[in-house]
Asker: 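Just passing along the structure, written as structure tokens.
Heavy-atom basis, side chains included; hydrogens, waters and symmetry copies ignored. Order of appearance sets the numbers: ligands from 1, and atoms from 1 within every ligand.
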Amino acid sequence: MSLLPHWSSRVFSVELDGAPIYFGVQEKFRGEEAPPPRVFRDARRDSCYSVLVCNRDRIGRAKFYAQLKDKLSRDLPPKCVLSPMSSFLPDVKDSLIRGYFLRADSECASLTERILGDLIQHDPVLVCSYLQRENGKLWTQHLWPHPGSETPREYCVVPSAEPQYHPSTLNIVNSDVFYSFEEAYEVLKKCGDIIPEATSVLELLPSRVEARSKPDFPVIVIEGLDATGKTTLTESLRDTLGAVLLQSPPQCLSPWRARFDQEPPLIRRAFYALGNYITAEQIGQEGMKTPVIVDRFWHSTAAYAIATAVSGSPCNLPAEGSELYRWPSDLLQPSLVVLLTLDPEERKRRLRDRGQGKTKEEQELDHSQHFRLRVEEAYRRIIGPSCITVDASPSADQVLQQVLRLIRGKCHL
Ligand SMILES: Nc1ncnc2c1ncn2[C@@H]1O[C@H](COP(=O)(O)OP(=O)(O)O)[C@@H](O)[C@H]1O
Ligand SMILES: Nc1ccn([C@@H]2O[C@H](COP(=O)(O)OP(=O)(O)O)[C@@H](O)[C@H]2O)c(=O)n1
């Protein structure tokens, strides 16, 4: 297996209470090993295991990773604790593999081992168990052999320094955020066999995508979290400016949206990315005749994708200026992007008053302050064009007047 030659260069990260704990492995005891990392010190008398998903094909890997949690939560004894885990080559792009770290007490260890033994027989996983030596002063990692292969490999567990780039940023390109039509198209094309709806989406796509010259009329995108007032503002702008109002994802994708919202990030994000290209095609046509207002566009696609891929505090986001925030070179660039921001309490009040159902991601915005901060910060870091922030807390009319001033200043309307 190609992962193995680099096994002792890999770093392992276990997420405990939202914070990563890093460790590495080395072939031999050197005698001066530092104390084991906290995941092992906490484990005391429990048995520890890890399961990492290693399909070669990325669609299979995305699908199986999503199923693995359900499978493990269903089959493992309730007392077995599951934590998200990953393994990566520090600061090496596309090197991240995901999985789970398991802690089982003496009562449930043998059942856990049976379930993992069955998993390794049938599914593309790497399984390790961890054993303590010298009263927990040292831990060893035992990589289970695959059916038919040689003996298990034993390594010594050692603490590892925090990498420069948070591991969850390593695989963002073309897994969470797509920087060209072709890359997103490839994913949906490959899904055709397992998701028949993907073929219907592909049929709606423009036949050719090219970064065309700007339409004659201004194109104004309104961005912001749910309930910040995008619908209210975009409708008023349409009426005031005699503009056409478009949205991303476009109306023609509505029948498929709920279906793709259930898919793992790779597939879900490719769907939204392609939606932007359909909207861009519509903008290109309408923008030759009138100004165009757009309710959400690429900023939303990229900001939510990055904020979901990265866990924990906004400090874990890719740094400002990172290439991950760049606009796709083949996607139409709007004349102005306005980001509506709102105090979290006022946003919740508006959500309650509106009283509609929310997507899972929007519910998460309410529950997790960190997630909301990550989305807002990612919005602000995107460039090419970057967004102009507008406080959406004044009355609807005041917000409209403020945005009209911006449009007149920037777009000569
Ligand atoms: N400036 C504003 N002041 C007070 N309430 C507002 C304002 N803008 C919108 N609302 C109300 O807040 C709720 C969410 O607004 P909406 O335009 O649907 O947001 P979004 O499209 O961003 O989800 C709606 O009930 C709307 O009437
Ligand atoms: N252009 C877009 C628009 C939405 N989205 C996704 O759609 C979700 C928000 O859609 P929504 O329907 O709740 O938004 P509202 O228009 O209701 O504010 C976000 O969670 C994004 O993941 C996207 O990726 N790209």
Asker: Please tell me whether Tyr65 and Tyr100 form a close aromatic pair, meaning their ring centres lie under 6.0 Å apart.
Answerer: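 Ring-ring flag for Tyr65/Tyr100: true, centres closer than 6.0 Å.
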Asker: Below 4.5 Å, heavy atoms only, C-beta onward: do Leu131 and Trp139 meet side chain to side chain?
Answerer: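 Contact flag for Leu131/Trp139 side chains = no.
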Asker: So, is Tyr304 polar-close to ligand 2, with some N/O to N/O distance under 3.5 Å?
Answerer: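 Not met; the criterion fails.
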Asker: Looking at Arg268, which atoms of ligand 2 are within less than 4.0 Å of one of its heavy atoms?
Answerer: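 Selected atoms, number and element: 22 (O).
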Asker: Using a 4.0 Å heavy-atom threshold (strictly under), name the region of Asn276 that reaches ligand 2: side chain, backbone, both or neither.
Answerer: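 The answer is the side chain.
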Asker: Please work out, at 4.0 Å between heavy atoms, whether the side chain, the backbone, both, or neither of Arg269 comes within that distance of ligand 2.
Answerer: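 The side chain, only.
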Asker: Between Glu223 and ligand 2, find which residue part has any heavy-atom pair under 4.0 Å and reply side chain, backbone, both or neither.
Answerer: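 Glu223 to ligand 2: no contact under 4.0 Å from either part.
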Asker: Applying ring pair (Phe, Tyr, Trp, His ring centres under 6.0 Å), name anything that partners Tyr22, two or more places apart in sequence or on another chain.
Answerer: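 In terms of ring pair (Phe, Tyr, Trp, His ring centres under 6.0 Å), with neighbours along the sequence ignored, Tyr22 is linked to no residue.
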Asker: What part of Arg354, side chain from CB on, backbone N/CA/C/O, both or neither, has a heavy atom under 4.0 Å from ligand 2?
Answerer: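 No part of Arg354 is near ligand 2 at this cut-off.
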Asker: Any side-chain donor-acceptor pair under 3.5 Å between Thr301 and His299?
Answerer: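 Judged by distance alone, the side chains do not pair up.
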Asker: Side chain, backbone, both or neither: which applies to Trp298 and ligand 2 if a contact is any heavy-atom pair less than 4.0 Å apart?
Answerer: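 For Trp298, no heavy atom sits under 4.0 Å from ligand 2.
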Asker: Indicate yes or no: does Lys79 engage Asp105 in a salt bridge with an N to O separation below 4.0 Å.
Answerer: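 Salt bridge: yes.
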Asker: Among Val221, Val244, Leu237, find the one that has a side chain to side chain contact (heavy atoms under 4.5 Å, CB included) with Ile293.
Answerer: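 Output: one option passes, namely Leu237.
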Asker: Tell me whether Phe297 has any N or O atom under 3.5 angstrom from an N or O of ligand 2.
Answerer: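 Indeed, backbone or side chain, Phe297 has an N or O that close.
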Asker: Quick one: sort the Trp7 and Tyr155 rings into parallel, tilted or perpendicular, breaks at 30° and 60°.
Answerer: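 Correct class here is tilted.
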Asker: Which of the numbered atoms in ligand 2 are below 4.0 angstrom from a heavy atom of Ser248?
Answerer: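 In order of number, 1 (N), 2 (C), 3 (C).
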Asker: Given Arg257, Lys230, Arg296, which has its nearest heavy atom closest to atom 8 (C) of ligand 2?
Answerer: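 Ranked by closest heavy atom to atom 8 (C) of ligand 2, first place is Arg257.
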Asker: One pair to check against side chain to side chain contact (heavy atoms under 4.5 Å, CB included): Leu266 and Arg58. What are the steps and the verdict?
Answerer: CA-CA 8 Å; Leu266 174 73; Arg58 63 183 176 145; 3.8 Å; yes
Asker: Kindly write out the residues that satisfy ring pair (Phe, Tyr, Trp, His ring centres under 6.0 Å) with Trp256, not counting sequence neighbours, or none if the list is empty.
Answerer: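 None.
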Asker: Determine yes or no for a side-chain-to-main-chain donor-acceptor pair under 3.5 angstrom, with Arg296 supplying the side chain and Glu223 the backbone.
Answerer: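 Between the backbone of Glu223 and the side chain of Arg296 there is no qualifying donor-acceptor contact (under 3.5 Å).
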Asker: I'd like the atom pairs linking ligand 1 to the protein - N or O on both sides, separation under 3.5 Å - with distances to 0.1 Å.
Answerer:
unit_1: ligand 1; atom_1: 1 (N); unit_2: Pro394; atom_2: O; d: 2.9
unit_1: ligand 1; atom_1: 1 (N); unit_2: Ala396; atom_2: N; d: 3.1
unit_1: ligand 1; atom_1: 3 (N); unit_2: Arg350; atom_2: NH2; d: 3.1
unit_1: ligand 1; atom_1: 5 (N); unit_2: Arg350; atom_2: NE; d: 3.4
unit_1: ligand 1; atom_1: 17 (O); unit_2: Thr231; atom_2: N; d: 3.3
unit_1: ligand 1; atom_1: 17 (O); unit_2: Thr232; atom_2: N; d: 2.8
unit_1: ligand 1; atom_1: 17 (O); unit_2: Thr232; atom_2: OG1; d: 2.6
unit_1: ligand 1; atom_1: 18 (O); unit_2: Arg354; atom_2: NH1; d: 3.0
unit_1: ligand 1; atom_1: 19 (O); unit_2: Gly229; atom_2: N; d: 3.1
unit_1: ligand 1; atom_1: 21 (O); unit_2: Thr231; atom_2: N; d: 2.8
unit_1: ligand 1; atom_1: 21 (O); unit_2: Thr231; atom_2: OG1; d: 2.5
unit_1: ligand 1; atom_1: 22 (O); unit_2: Ala227; atom_2: N; d: 3.4
unit_1: ligand 1; atom_1: 22 (O); unit_2: Thr228; atom_2: N; d: 3.3
unit_1: ligand 1; atom_1: 22 (O); unit_2: Gly229; atom_2: N; d: 3.1
unit_1: ligand 1; atom_1: 22 (O); unit_2: Lys230; atom_2: N; d: 2.8
unit_1: ligand 1; atom_1: 22 (O); unit_2: Lys230; atom_2: NZ; d: 2.8
unit_1: ligand 1; atom_1: 23 (O); unit_2: Asp226; atom_2: OD1; d: 3.1
unit_1: ligand 1; atom_1: 23 (O); unit_2: Ala227; atom_2: N; d: 2.7
unit_1: ligand 1; atom_1: 23 (O); unit_2: Arg354; atom_2: NH1; d: 2.7

Asker: Which side-chain N or O atoms in residues 158-172 pair as donor and acceptor under 3.5 Å with protein atoms at least two apart or in another chain?
Answerer:
unit_1: His166; atom_1: ND1; unit_2: Ser168; atom_2: N; d: 3.3
unit_1: His166; atom_1: ND1; unit_2: Ser168; atom_2: OG; d: 2.6
unit_1: Thr169; atom_1: OG1; unit_2: His166; atom_2: O; d: 2.7
unit_1: Asn171; atom_1: OD1; unit_2: Asp94; atom_2: N; d: 3.4
unit_1: Asn171; atom_1: OD1; unit_2: Ser95; atom_2: N; d: 3.4
unit_1: Asn171; atom_1: OD1; unit_2: Leu96; atom_2: N; d: 3.1
unit_1: Asn171; atom_1: ND2; unit_2: Leu96; atom_2: O; d: 3.1

Asker: As an exercise, identify every atom of ligand 2 less than 4.0 angstrom from a heavy atom of Pro249.
Answerer: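 Once the distances to Pro249 are compared, the set is 3 (C), 4 (C).
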